[in-house]
Amino acid sequence: MKAMILAAGMGTRLGPLTKDKPKALVEIANRPLLALLLTKLRSQEITGVVVNAYHRADQIERFVKEEAFPDGWVRVLIEERLLGTGGGVRNAARLLGGEEPVLVHNVDVLSNLPFRRIAGAHEAASALATLAVGTRRSGRSLAADEEGYLCGRWGEPPVRSPRGELRRFAYNGIQFLARGAAASLPGEGAFSIIDSCLEWASRREEVRVFPMDDWYWAEAGTVERLERLKQDLARRAIPIESLAS
């Protein structure tokens, strides 16, 4: 399978940490977020990776060139303007190809989730998209039914009729797309990949959720969350090695 790392954001929620560097190169335990994620992808036999970049894109290019990855395994795609998560993935479709499923991963998300677990669920359901989710509270929560179908945003009218009761989830910044799906994400200009998935769900396409509360998950997109992650690592609540393998 291929992978797409979403790394083009401005990282403004990290304040001064991203004034002179991209969020992807903010460090945890003396290692850039991008390095941890690429190491994990490499260990899990991902066949190729595309990293989109915008803010301080030259630093991401230089970092990738200096790392000892196989030639061509990582490709950096610089966006001339921010395209959002959905627009970024669709823009990269030509580099991702259409022959393999694609793991889409936010650069500021760390977890010890083995990607084969969500890949297995995705393939077993023959899904078009499978979103990793958690039960924590979020201001933009999603709603899924008892069979794991994405049905809409929590608190809003469902875009797809649920089977059984609706359950509330937060998106964890990790998802799988079926072969060829990256090129057909619905949306115009800069758009959200979640909005694309909701559009697919409204058409009764197979868009599933994958609850991952059994695994460690953290998002380092704000100063507060970054500090919380550092504290977890300092007290060995989660070993840094498990986030990169």
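Predicted model, so just to flag it, every value in this text is computed and none were measured. In what follows, residues are counted from 1 in the order of the sequence shown. The figures that follow rest on heavy atoms only: side chains count, while hydrogens, waters and symmetry mates do not.
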### Task
May I ask you to check whether over 12 heavy atoms, not counting those of Arg203, lie within 6.0 Å of atom CZ?
yes
### Query
Step by step, would you call Glu27 with Lys230 a salt bridge (charged side-chain N to carboxylate O under 4.0 Å, His left out)?
CA-CA 10 Å; Glu27 295 188 349; Lys230 289 179 177 178; over 6 Å; no
Nearest-0.5 Å distance, [atom1] of residue [X] to [atom2] of residue [Y]:
X      : Y      : atom1 : atom2 : value
Arg62  : Arg56  : CZ    : CZ    : 10.5 Å
Ile240 : Leu36  : CD1   : CG    : 4.5 Å
Asp108 : Leu229 : CG    : CG    : 10.5 Å
Thr130 : His122 : OG1   : NE2   : 5.0 Å
Glu205 : Leu128 : CD    : CG    : 5.5 Å
Leu77  : Leu83  : CG    : CG    : 8.5 Å

Got [X] and [Y] here, is their nearest side-chain heavy-atom distance under 4.5 Å?
X      : Y      : result
Ile60  : Ile78  : no
Leu6   : Val51  : no
Leu38  : Phe69  : yes
Leu243 : Tyr216 : yes
Glu79  : Asn91  : yes
Arg117 : Trp215 : yes
Ile194 : Leu198 : yes
Leu96  : Met4   : yes

### Query
Do Glu100 and Thr47 get their side chains close enough for a donor-acceptor pair, meaning under 3.5 Å?
yes
### Task
Go through the steps for Phe210 and Leu113 under the test side-chain contact (heavy atoms from CB on, under 4.5 Å), then give the verdict.
CA-CA 11 Å; Phe210 178 85; Leu113 170 70; 3.9 Å; yes
Would [X] and [Y] show up in the same hydrophobic cluster when neighbours are defined by side-chain heavy atoms closer than 4.5 Å?
X      : Y      : answer
Val26  : Tyr54  : no
Val104 : Leu95  : yes
Leu110 : Val107 : no
Val209 : Trp217 : no
Val74  : Leu25  : yes

Any donor and acceptor pair, going by atom type alone, linking the side chain of [X] with main-chain N or O of [Y] inside 3.5 Å?
X     : Y      : answer
Asn52 : Ala7   : yes
Thr18 : Leu14  : no
Gln44 : Phe115 : yes
Arg90 : Leu185 : yes
Lys23 : Ala8   : no
Arg13 : Ala220 : no

### Query
Does Ala237 have any side-chain contact (heavy atoms from CB on, under 4.5 Å) partners at least two apart in sequence or in another chain, and if so, which?
Asp232, Arg235
Locate the shortest heavy-atom distance separating [X] from [Y]; write the atom from each residue and the value.
X      : Y      : value
Ala244 : Arg31  : CB-NH1, 4.3 Å
Asp213 : Gly134 : OD1-CA, 3.3 Å
Gly84  : Ala190 : N-CB, 4.1 Å
Ala132 : Met212 : CB-SD, 3.7 Å
Arg208 : Tyr149 : NH2-OH, 2.9 Å
Thr85  : Ser192 : OG1-CA, 3.4 Å

### Query
Are His105 and Leu37 close enough, and set up right, to give a side-chain contact (heavy atoms from CB on, under 4.5 Å), and what steps lead you there?
CA-CA 9 Å; His105 203 297; Leu37 183 52; 3.6 Å; yes
#### Entry: Working for side-chain contact (heavy atoms from CB on, under 4.5 Å), residues Val49 and Trp73
CA-CA 6 Å; Val49 183; Trp73 184 69; 3.6 Å; yes
### Message
According to ring pair (Phe, Tyr, Trp, His ring centres under 6.0 Å), who are the partners of Phe63, at least two apart in sequence or on a separate chain?
### Response
none
Scan the side chains in residues 163-179 for donor-acceptor partners under 3.5 Å anywhere in the protein, sequence neighbours excluded, and list what turns up.
| unit_1 | atom_1 | unit_2 | atom_2 | d |
| --- | --- | --- | --- | --- |
| Arg163 | NH1 | Glu147 | OE1 | 2.9 |
| Arg167 | NH2 | Asp145 | O | 3.1 |
| Arg168 | NE | Ser141 | OG | 3.0 |
| Arg168 | NH2 | Ser138 | O | 3.4 |
| Tyr171 | OH | Ile174 | N | 3.4 |
| Tyr171 | OH | Gln175 | NE2 | 3.3 |
| Asn172 | OD1 | Arg136 | NH1 | 2.4 |
| Arg179 | NE | Glu99 | O | 3.3 |

### Query
Is there a side-chain contact (heavy atoms from CB on, under 4.5 Å) between Ile5 and Leu34 once you walk through the steps?
CA-CA 9 Å; Ile5 298 177; Leu34 182 58; 3.8 Å; yes
